[in-house]
Amino acid sequence: MNTALRHWKEAATVILAAGTRHKLPVDSLTRCLDKGTSAPAISEHSNLPDRLAFDYEVLLLKRSGTSGFMPNAYVFPGGLVDPSDFSSEWLDLFQYFRRSPNFGLGFVKQPPETRPPIFATDRKKLGSLVPGDVAFRICAVRETFEESGVLLVVSKEQESTLCNSIENNRYSQPELTRIPDLCDKSELAKWRVLVNENPSNFIRMCRELECLPNIWALHEWGNWLTPTGVYGKQRRYDTAFYMCCLQETPPHTLQDEKEIVHFKWSTPPEILHSYQAREMWIAPPQFYDLSRMCRFPSLQNLHSFSRQRASEGCEQWLPVRMVSDSYYISLLPGDEMYPEEGSCQMDVTLNTDQSLNELHQGCSALHRIVALDPYTAAAVITITPKYNHLLPFTRSSLRPGTSSQL
């Protein structure tokens, strides 16, 4: 882990999508072409895609109301990187994969000079032989287990097959991820308590249960930085986002009753509808990425897209807040109003007295999330996403004449 960071603490999170018994209708499948960029059917009672068109659900966890960071928010599983995630003890467990590039993860096409620092930092110079791409995935798997009880691992039986496939350059994991049945529910609960008490127990658990964190099931999706002026200087995170698609919903999901007080499996449009109805609150990264996922009614299409796109890399996003009396905006990289120094480690909050229409007029490059209040938001985007990523899906409008055209 990078202890030299002045402004952010490194973290990792996973967007966990799991198949349901509900099968996607044929007419909805025909809309999932062109890498999922075609618009799915719209609900008659909402500006969001029809929830019945989706054959998967996404896991969200509700943070405790006493949390110092985003209290009561629904978030994806994840958390802070621990030194044990970079421990050299992992080298023994991954010994059969160390011959392959990046432990079998391969490399991205993105030029090193444009990679987000969280991925580009040479961890050997920081004293770790575990690559960052590996350690951050270990962190995401560990935190998901701690917070929800979902254990994303590869069993001993699966390990040899996986290793051979990687060595023969045939490994691409086109199939959806399965969670192996390693032990009974009570033993898994015992290990969860131990890992929550001390993250280094995750290494011990993997040894004794003869399993490995399934780092190959997590596909690089994005990199969000906590904006300034929201949670204070001590509550800012540089977070690696991963996508993981499971064949079916895990049977043992359970909140930890400490940081997490409730869990929820729902389709992307259901979550966004609940957010609009003020039944739950989600932060801008969740709003943006769930809106992206609304373009994929099919879990298999989401999995194929995320697996193939991951090799392109991603962009570091530090939202820059623009505030007025009647709205606030999160400017994202690519927006022509985004300050050049916005991606640097400095405090920026812009103020304006212009109306939304005045603010949008004359701007040809827009990449922003506009909010009238904590539950009324829309993405306003006219740019082309970098690294073959997707635009969010939305048909909402904040006020007459101010549309969220994607």
Side-chain angles (χ1 to χ4, degrees), residues 1-14 76-108 110 112 115-147 151-154 159 162-163 166 191-192 194-226 234 236-242 244 259 310 313-314 316 345:
M1 59 189 296
N2 191 352
T3 57
L5 289 176
R6 292 176 51 205
H7 297 270
W8 286 277
K9 296 179 179 179
E10 291 178 319
T13 191
V14 57
F76 303 129
L80 284 173
V81 170
D82 186 81
S84 64
D85 300 324
F86 281 93
S87 171
S88 59
E89 292 186 58
W90 287 113
L91 300 178
D92 293 332
L93 274 75
F94 283 96
Q95 60 178 317
Y96 296 117
F97 297 91
R98 291 172 60 190
R99 296 188 295 266
S100 301
N102 223 18
F103 287 39
L105 292 170
F107 297 104
V108 300
Q110 185 179 4
R115 291 284 281 157
I118 193 171
F119 299 122
T121 300
D122 186 349
R123 302 292 162 167
K124 290 182 180 179
K125 294 181 179 179
L126 299 177
S128 174
L129 295 178
V130 179
D133 285 339
V134 174
F136 287 113
R137 284 172 168 84
I138 291 173
C139 170
V141 171
R142 174 182 56 75
E143 284 284 343
T144 298
F145 179 53
E146 289 181 24
E147 294 182 337
L151 183 57
L152 305 171
V153 294
V154 174
E159 183 179 330
L162 175 58
C163 188
I166 291 175
W191 279 113
R192 187 181 176 192
L194 291 173
V195 175
N196 265 297
E197 290 175 350
N198 187 341
S200 65
N201 282 328
F202 190 53
I203 304 174
R204 178 183 155 205
M205 184 201 77
C206 288
R207 275 206 189 95
E208 296 197 18
L209 296 184
E210 296 187 319
C211 63
L212 287 175
N214 193 348
I215 61 174
W216 307 276
L218 273 61
H219 305 295
E220 184 178 312
W221 185 260
N223 175 212
W224 288 83
L225 277 66
T226 309
Q234 301 304 314
R236 296 174 65 183
Y237 303 99
D238 184 354
T239 305
F241 276 64
Y242 298 98
C244 178
E259 295 181 14
C314 69
Q316 182 190 71
Q345 299 183 6

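Note that the coordinates shown come from a computational prediction; the quantities given were computed from them, not determined experimentally.
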Expected output: side-chain Glu147 to main-chain Gly78 donor-acceptor under 3.5 Å:
yes
Heavy-atom side-chain contact between Phe145 and Val153 under 4.5 Å
no
Correct closest heavy-atom pair for Gly132 and Arg123 would be N-CG, 3.6 Å
Here the pair of heavy atoms bringing Leu126 nearest to Thr121 is CD1-CG2, 3.7 Å
Looking only at atom types and distance, does a side-chain atom of Asn223 sit under 3.5 Å from a main-chain N or O of Thr239, one as donor and one as acceptor?
yes
Shortest non-hydrogen separation from Leu93 to Glu159 and the atoms involved:
O-OE2, 4.4 Å
Please name the pair of heavy atoms, one in Cys314 and one in Arg115, separated by the smallest distance, quoted to 0.1 Å.
N-NH1, 3.8 Å
Of all the heavy-atom pairs spanning Asn201 and Leu194, show the shortest one and how long it is.
ND2-O, 2.9 Å
Beyond-backbone contact of Phe97 with Leu162, side-chain heavy atoms, under 4.5 angstrom:
yes
Checking the side chain of Asn102 only, and the main-chain atoms of Leu105 only, is there a donor and an acceptor separated by less than 3.5 Å?
no
To the nearest 0.5 Å, atom CD of Glu10 lies from atom CG of Leu80 at 10.0 Å
Just wondering, do Leu152 and Leu218 contact through their side chains at under 4.5 Å, heavy atoms?
yes
Where the side chain of Asp82 meets the backbone of Pro199, is there a donor-acceptor pair that is under 3.5 Å apart?
no
Does the side chain of Gln110 come within less than 4.5 Å of Phe119's, by heavy atoms?
no
State whether the side chain of Arg236 and the backbone N or O of Leu225 hold a donor-acceptor pair below 3.5 Å, judged by distance alone.
no
Assess the residue pair Thr13 and Trp224 against the criterion (side-chain contact (heavy atoms from CB on, under 4.5 Å)); give the C-alpha distance rounded to whole Å, side-chain angles, the decisive distance to 0.1 Å, and a yes or no.
CA-CA 10 Å; Thr13 191; Trp224 288 83; over 6 Å; no
All heavy atoms of Ile166 vs all of Gly104, minimum pair found to be CG2-CA, 3.8 Å
Please examine the side chains of Phe86 and Val81, heavy atoms only from C-beta on, and report whether any two atoms are closer than 4.5 Å.
yes
Looking at Ser84, is its backbone amide N or carbonyl O close enough to the side chain of Trp90 to form a donor-acceptor pair, meaning the two atoms are under 3.5 Å apart?
yes
Would you say Arg137's side chain and Asp133's backbone share a donor-acceptor pair under 3.5 angstrom?
yes
Using the ring of each side chain (for Trp, its six-membered ring), is Phe94 parallel, tilted or perpendicular to Phe103, with breaks at 30° and 60°?
tilted
In the structure I gave you, are the side-chain heavy atoms of Phe136 and Ile138 within less than 4.5 Å of one another anywhere?
no
How long is the span from the SG atom in Cys206 to the CG atom in Asp92, to the nearest 0.5 Å?
13.0 Å
